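A short write-up of the structure that comes next.
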Amino acid sequence: MENYVSKLIRSYLETRNEYYYERLQEQFLPLIKAYARKLYYLDYEDSQQELCIALYESISKIKNTDNEFACISYIKRSIVNKFTKLYHESVKEQNIQANSTSLVFNANLGIQNDGEVENCITMTDLKNYLQSKTLEERKIIDMLIQGYSDKEIGREMGFTRQYINRIKKQILK
């Protein structure tokens, strides 16, 4: 099995046979899965797919396949770099979501500075909307309106931050 990865890369680059790429993907799947789990804002499958694309791109750019260690290091760095980029994008997206959530709820509620509701239609619509939601979703909405973060809501309700974030996305759709 000496130089197994470099042989797979060389074979794939020469033939473009998917079999070799699939074997490479199997070799790096534990690394891809480990980093995909850390991208909490993206769905796990989406994260895994993005990192597999990074694997594919790195294989396509490798010039010299003689050194096994260099090939593995190059691919690993490519996956880590893609993870870092995705992580920073997800943090920005989460901050935007967190800031816009309170604005969306305040706009939907018609809340003015003094806390009064602008009109009854909005409040009636909100009540009807909330009645269509489960008790769990209503509690999450209530805590979001109060300004709790996903992490705080998760801790309070006994769920993970990712689960709360997923429910929040469904509610905002």
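Treat the numbers as computed from the prediction; the structure is a model and nothing was measured.
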For Y12 and Y21, take the angle between the two ring planes, folded into 0 to 90°, and tell me which bin it lands in: parallel under 30, tilted 30 to 60, perpendicular over 60. tilted
Could you tell me the separation between the OG1 atom of T160 and the CG atom of N165, rounded to the nearest 0.5 Å? 9.5 Å
What distance separates I167 CD1 from D150 CG, expressed to the nearest 0.5 Å? 11.0 Å
Decide whether Y4 and L31 are clustered together by the hydrophobic rule: side chain heavy atoms of Ile, Leu, Val, Met, Phe, Trp, Tyr closer than 4.5 Å, transitively. yes
For residues 16-34, which residue pairs qualify under salt bridge (charged side-chain N to carboxylate O under 4.0 Å, His left out), counting only residues two or more places apart or in two chains? R23-E26
Just how far is it from atom OG of S47 to atom CG of L86, taken to the nearest 0.5 Å? 7.0 Å
ring-ring contact (aromatic ring centres under 6.0 Å, His included) against Y19, all qualifying residues, sequence neighbours excluded: none
side-chain contact (heavy atoms from CB on, under 4.5 Å) partners of I72, counting only residues at least two apart: V5, F28, E68
Find the distance between CG (L13) and CG (L8) and round it off to the nearest 0.5 Å. 10.5 Å
With sequence neighbours excluded, give me every side-chain hydrogen bond (donor to acceptor under 3.5 Å, both in side chains) pair touching residues 69-85. none
So, taking the atom named CD1 in I164 and the one named CG in L144, what distance separates them when rounded to the nearest 0.5 Å? 8.5 Å
Using the rule that Ile, Leu, Val, Met, Phe, Trp and Tyr join whenever any side-chain heavy atoms are under 4.5 Å apart, tell me whether L24 and V80 fall into a single cluster. yes
Under the side-chain hydrogen bond (donor to acceptor under 3.5 Å, both in side chains) test, residues paired with T65 that sit two or more places apart: R10
Qualifying residues under salt bridge (charged side-chain N to carboxylate O under 4.0 Å, His left out), relative to R138, sequence neighbours excluded: none
Identify, with sequence neighbours excluded, every residue that meets side-chain hydrogen bond (donor to acceptor under 3.5 Å, both in side chains) alongside D142. Q146
Going by ring-ring contact (aromatic ring centres under 6.0 Å, His included), name the residues that satisfy it together with F159, two or more places apart in sequence or in a different chain. Y163
E152 CD: over 12 foreign heavy atoms closer than 6.0 Å: yes
Looking at side-chain heavy atoms only, is the closest gap between C52 and I32 below 4.5 Å? yes
First locate atom CD1 of I62, then atom CD1 of I9, and finally report the distance between them rounded to the nearest 0.5 Å. 3.5 Å
Qualifying residues under side-chain contact (heavy atoms from CB on, under 4.5 Å), relative to E156, sequence neighbours excluded: M143
